Protein chains: 2
Amino acid sequence: MAEATIRDVARRAKVSVASVSRALNGLNNVRQATRDRVIAAANELGYVPHAGARSLSLSRANALGVVLPDLHGEFFSELVRGMDREASRRGYFLLLSNMHAEGDQAPTALRAMHGRVDGILVMAPHVPPEMLEQALPSTLPALLINAPVEVPTRPSIRIDNEAGAQAAIRHLVGIGCRRILHIAGPEENIDARERAEGYFKAMARYAPGIEPLLFPGNFEEEAGEAAARDMLSDRRGVDGVFAANDMMAIGCLQTLRAAGVQVPDEVAIAGFDDVPMARYLSLTTCRVRIAEIGERAVARLVDRLEGKIERVLNERHQPELVVRGTTAGANSDEMAEHGL
Amino acid sequence: MAEATIRDVARRAKVSVASVSRALNGLNNVRQATRDRVIAAANELGYVPHAGARSLSLSRANALGVVLPDLHGEFFSELVRGMDREASRRGYFLLLSNMHAEGDQAPTALRAMHGRVDGILVMAPHVPPEMLEQALPSTLPALLINAPVEVPTRPSIRIDNEAGAQAAIRHLVGIGCRRILHIAGPEENIDARERAEGYFKAMARYAPGIEPLLFPGNFEEEAGEAAARDMLSDRRGVDGVFAANDMMAIGCLQTLRAAGVQVPDEVAIAGFDDVPMARYLSLTTCRVRIAEIGERAVARLVDRLEGKIERVLNERHQPELVVRGTTAGANSDEMAEHGL
DNA sequence: TGCAGTCATGTAACCGGTTACGGACGGTCT
DNA sequence: AGACCGTCCGTAACCGGTTACATGACTGCA
């Protein structure tokens, strides 16, 4: 039994396809008796409208494309979850396509979305903007998440990485740290760059005269471990660590502790993101409400699709410093709040 | 500038739409000169084929529907990641739709997918099968993940929860536990039920004569904490805990430790899932390779779409016991391997 | 020269919906 | 009776692709 179409229903209800369409879509210019016949026929045939055909003729797909890099557990999960929540609230589907790092997959993925989504959410913290601009069909509404730069022509939503980094450094200095090491993220990543930038600015401001210390990393836990080993072999007076993300902070924390270094007494540690694990390890960090970013991104895109005008094009999500055990003694939690 | 269509390209290249289609799709019955003209015209117009129209006429969408309950962080993330990886490898998109617990959303979501996906992956550990069967368009290939029962007519993939539970209990008994408490998951959840079932069977087998102890939970961390508080107020000789998932195990672990109970010396603890955090808390658990399940599910569904016949309809994923600190002293790791 | 066969191309039907337009019908008002 | 209006419904065009079939040009061969 092939899938029933609207014409089958029409035949069965002895009306035209137009009437079927009208009846099923609740238009009011249909006699009640006709509507009933149509509905009955549809049920008997198990008719389900063909969404693809519908969206072709309406030129409206009720779907949003989501193009993400191959990112890690929590971030991916939370982002998509937030998006999905808002999307289903607004009656949209999410069409997912990971754009693996290979790069040239991005244009392909974007092209393949044309004609099946009404708008697109792109997260590409490492893709050069001109490439993005070129790959995005210019007529397809898009919203950029953490794009490397704020393309003036495209709305975007970003994390205020500098503000987060500054808050973290301010806090570390506040509890007495002076020689603070920054474990950086990958250079091509915009978040990583901004966090480093924030670190430098904050050091200049809150710890003037103390020279910044950088350890290159890649957002992976191993980088944090490497940084820790480096410190263990030559401490250089480091009494504080600010990692560009939680995973590196955790790698560092675990390795230092395993080597008997007292955290936070000898070295205080802060991360960035507030992954769920951070709470368990009592890691001080800059909380980024990822799901919220996803929701907000979808909400803004859908608003635009539905014709609502936007006041602000480039939004910034403010991270929130969460002080925990790795920067505060067991009962000195509130000390941190007053610090500095 | 409205989006260019194939007819625009045809006009510009001074050929028919048929030739454009042939040229761009790489059919060989096109003169090279014509193909070049078409490609040039397409580039000049920035032509991107309309995937919706294409899939309508080919009756093939190159997309898979994914219907998931509103599940938690890691699980969701890993599952979708695995699916996405395999899907993009096979040239398919993923169309996501969380079916929130409200229940009657499921049929709606499934209906809306008709005509825009070629097949569907459904994860519904709590939806009664007859409802599923009724909601699934019978012509749409579907693969069930952790469905409450194995619907004989639908291929499925499941976790072998009983095997996992048995391995955990066997291990706990092996290291000397006798009075083992099971913190159960929600009753309507099939995984939870099977894990409890496995617990009972394993107790009967490995600890005969010792009566099983059940604490009702809901997969949330708080349930583990409640179980711990219960134990703290009346220990009843409990020397081992097997939680139906890691989050409850973690809640229990943290609460017991906070109260000064020595883990694993006084009470050993094992969980289920192996969420990333488990490693950091050194939690013994039954590892479920979630991403692998997602990959496998997509692979099987795509195989079927492409006409490959299936030998096994109902597959079971085998969890793997990972022994860590919550059931073994610092240097007694391998002891566990020999235990019993 | 005429005919079959090959190749490139165009015409139009089709996928499954939506909807502009117009026709048929019945009622109301002058 | 005739003009006018409103309601309900059917015909057919359309969304943007693919493709079966027809057409015409060209080749090779008798």
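So that the names make sense, note that chain A is the first sequence line, chain B the second, and so on, each numbered from 1. Since this is a predicted model, take the numbers as computed values, not measurements.
Without hydrogens or angle criteria, B:Ser55 side chain to B:Gly52 main chain gives a donor-acceptor distance under 3.5 Å. Remark: the backbone N or O of A:Thr5 is not paired with any side-chain donor or acceptor of A:His50 at under 3.5 angstrom. Judged by distance alone, with hydrogens and angles left aside, the side-chain atoms of A:Arg304 form a donor-acceptor pair with the main-chain N or O of A:Ala142 at under 3.5 Å. Between the side chain of B:Asn25 and the main chain of B:Leu27, no donor-acceptor pair closer than 3.5 Å is present.
Remark: P of D:dC21 and CZ of B:Arg22 are 14 Å apart, rounded to the nearest angstrom. Regarding A:Arg7, its CZ atom lies at a distance of 13 Å from the C1' atom of D:dG10, rounded to whole Å. In this structure, A:Arg11 places its CZ atom 13 Å from C1' of C:dG16, rounding to the nearest Å. Atom pair B:Asn25:CG and C:dT9:C1' shows a separation of 16 Å (rounding to whole Å applied). One atom, CZ of A:Arg116, and another, C1' of D:dG17, lie 13 Å apart when rounded to the nearest Å. Taking atom CG of A:Leu24 as the reference point, atom P of C:dT18 lies 8 Å away to the nearest angstrom. Rounded to whole angstrom, the span from the CD atom of B:Gln32 across to the C1' atom of C:dC7 amounts to 15 Å. Here D:dT7 presents its P atom at 9 Å from CG of A:Asn28, a figure rounded to the nearest Å.
In this structure, A:Ser21 reaches the C:dT18 phosphate: one of its side-chain N or O atoms is under 4.0 Å from OP1 or OP2. Remark: A:Ser19 is in phosphate contact with D:dG10, judged by side-chain N or O atoms under 4.0 Å from OP1 or OP2. The shortest distance between the side-chain N/O atoms of B:Asn29 and the OP1/OP2 oxygens of C:dT9 is not below 4.0 Å.
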Before giving the answer on side-chain hydrogen bond (donor to acceptor under 3.5 Å, both in side chains), spell out for B:Arg60 and B:Asn62 the whole-Å C-alpha distance, their side-chain angles and the decisive distance to 0.1 Å. CA-CA 6 Å; B:Arg60 184 149 181 295; B:Asn62 275 305; 3.3 Å; yes
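Nearest to the side-chain atoms of A:Ile6 among the listed nucleotides D:dT11, C:dT18, C:dA8 stands C:dT18. Listed nucleotides: D:dG10, D:dG17, D:dA12. Nearest to the side chain of B:Thr5: D:dG17. Here C:dA8 is the nucleotide among D:dG10, C:dA8, C:dT11 with the atom lying nearest to any side-chain atom of B:Arg31.
Nearest heavy-atom pair, B:Ala63 versus B:Tyr92, reported as atom, atom and distance to 0.1 Å: N-CD2, 3.5 Å. Taking each heavy atom of A:Pro155 and A:Arg300 in turn, the nearest pair found is CB-NH2, 3.6 Å.
Of all the residues in residues 48-62 of chain A, A:Leu56, A:Ser57 reach under 4.0 Å from DNA chain D with at least one non-hydrogen atom.
Distance CD1/A:Ile120 to CE/A:Met113: 5.5 Å, rounded to 0.5 Å.
If B:Val20 and A:Lys14 are placed on DNA chain D by their nearest nucleotide, the residue sitting closer to the 5' end is A:Lys14. Taking the nucleotide of DNA chain C with the nearest heavy atom to each of B:Val15 and A:Val17, the more 5' of the two is matched to B:Val15.
A salt bridge links B:Arg11 to B:Asp8: at least one charged side-chain nitrogen sits closer than 4.0 Å to a carboxylate oxygen. At a threshold of 4.0 Å, the pair B:Arg296-B:Glu292 does not count as salt-bridged, since none of the basic side-chain nitrogens sits closer than that to a carboxylate oxygen.
Comparing the helix axis at one end of the helix from C:dT1-D:dA30 to C:dT30-D:dA1 with that at the other, each defined from 5 consecutive pairs, gives an inter-axis angle of 60° (nearest 10°).
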